[in-house]
Enquirer: 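The structure's right below; bear with me while I get my questions together.
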Amino acid sequence: MSAGLVTGVALLGALAGRAAVPLAGIFTHSPPPAVRSPGPVVPLSGHGLAGTAFGSGRPADDLRTVRGVGAAALVGALVFGGLAATRGGDPALPAFLAVAAVGLALALADLACLRLPDPLVAAAAGAAALGLVPVALAGGTPERLLTALAGAAVSFAGYVLLALLPGARLGFGDVKLAAALGLPLGWLGWPTLGLGLLLPHLLSGVVVLVLLAARRVRRDTPLPFGPAILAGAWLAVLLA
């Protein structure tokens with residue numbers, strides 16, 4: 001994909017990031033959108049990561065400050081631009097972009113209130129399925145759909161086992177999100193799926209260690225894992 005097209009997709013990602021803010025607000029019981037002046041922090045607050053580590057304890061509607069919307073747009077541009085740059089020739093790119101757009105809202109919702117709303121998780125799974133089925137049929141590779149479904153099943157089973165371990169902090173929202181992302185990861189093959197299952201735990205571990213070292217959280221502080229699942233899947237797709 002040419003540099004111009006990558007830039008165009010990145011700009012589309014910025015718009016998706018901005019749109020993810022009010023969408024996440026619907027599921028965090030926020031009032032209608034209102035852009036405010038920048039606060040002293042990136043205001044992802046409420047009961048999630050920002051409220052315990054970064055934020056000021058303000059309600060989750062503070063996602064909509066100028067700085068919060070700008071950060072979401074920047075992340076959206078990075079996510080979409082990375083996918084376009086690495087998978088520009090892949091006919092399944094629209095499916096990956098659709099999943100990424102929903103993933104932006106999921107990450108914001110989890111950061112705001114430690115919750116991965118089922119409708120958004122279902123939308124991510126639906127975006128993957130609706131985007132990949134026509135690609136498989138048009139390309140004469142319907143067997144890839146079976147691999148995608150197997151990837152979802154393996155992801156679901158693996159995360160269920162992790163969630164049931166004593167002392168595990170995984171919620172079943174994390175389990176369902178991992179299963180949804182298993183569809184596009186499985187589509188790209190078993191090595192990509194394995195990487196997508198491993199990277200979230202590595203990323204989360206690094207973040208937790210940094211926060212502990214900075215004394216922004218305690219060992220018993222509840223932290224969202226959904227953003228790590230999404231970031232790990234995104235990196236796995238880039239590296240596929």
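Numbers here are sequence positions counted from 1.
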Enquirer: Distance-only check: which donor-acceptor pairs under 3.5 Å involve side-chain atoms of residues 184-192, not counting sequence neighbours?
Expert:
none

Enquirer: Linking Ile, Leu, Val, Met, Phe, Trp and Tyr through side-chain heavy atoms less than 4.5 Å apart, which residues share a cluster with Leu183?
Expert: Leu149
Enquirer: Is there a donor-acceptor pair under 3.5 Å between the side chain of Asp110 and the backbone N or O of Gly226?
Expert: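 Yes.
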Enquirer: Do you know which two heavy atoms are closest between Leu193 and Ser155, and how far apart they sit?
Expert: CD1-OG, 3.4 Å
Enquirer: For Ser204 and Pro200, indicate whether the former's side chain and the latter's backbone hold a donor-acceptor pair under 3.5 Å.
Expert: no
Enquirer: Any non-hydrogen side-chain atom of Pro117 less than 4.5 Å from a side-chain atom of Leu106?
Expert: yes
Enquirer: How many angstroms lie between atom CG of Leu239 and atom OG1 of Thr86, to the nearest 0.5 angstrom?
Expert: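 With rounding to 0.5 Å, CG (Leu239) is 8.5 Å from OG1 (Thr86).
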Enquirer: Please table the atom pairs, donor to acceptor, closer than 3.5 Å between any side-chain atom in residues 173-181 and protein atoms at least two apart or in another chain.
Expert:
from, atom 1, to, atom 2, distance (Å)
Asp174, OD2, Gly171, N, 3.0
Lys176, NZ, Asp118, OD1, 2.7
Lys176, NZ, Asp118, OD2, 3.3

Enquirer: Side-chain contact, heavy-atom cut-off 4.5 Å: Leu23 with Val102?
Expert: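 Not touching, per the 4.5 Å side-chain cut-off.
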Enquirer: Give, for atom CZ of Phe225 and atom OH of Tyr159, the distance between the pair rounded to the nearest 0.5 Å.
Expert: 4.5 Å
Enquirer: Which value, rounded to the nearest 0.5 Å, describes the distance between Phe27 atom CZ and Leu120 atom CG?
Expert: 4.0 Å
Enquirer: Hey, does Leu223 have a side-chain heavy atom less than 4.5 Å from the side chain of Arg169?
Expert: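 Not touching, per the 4.5 Å side-chain cut-off.
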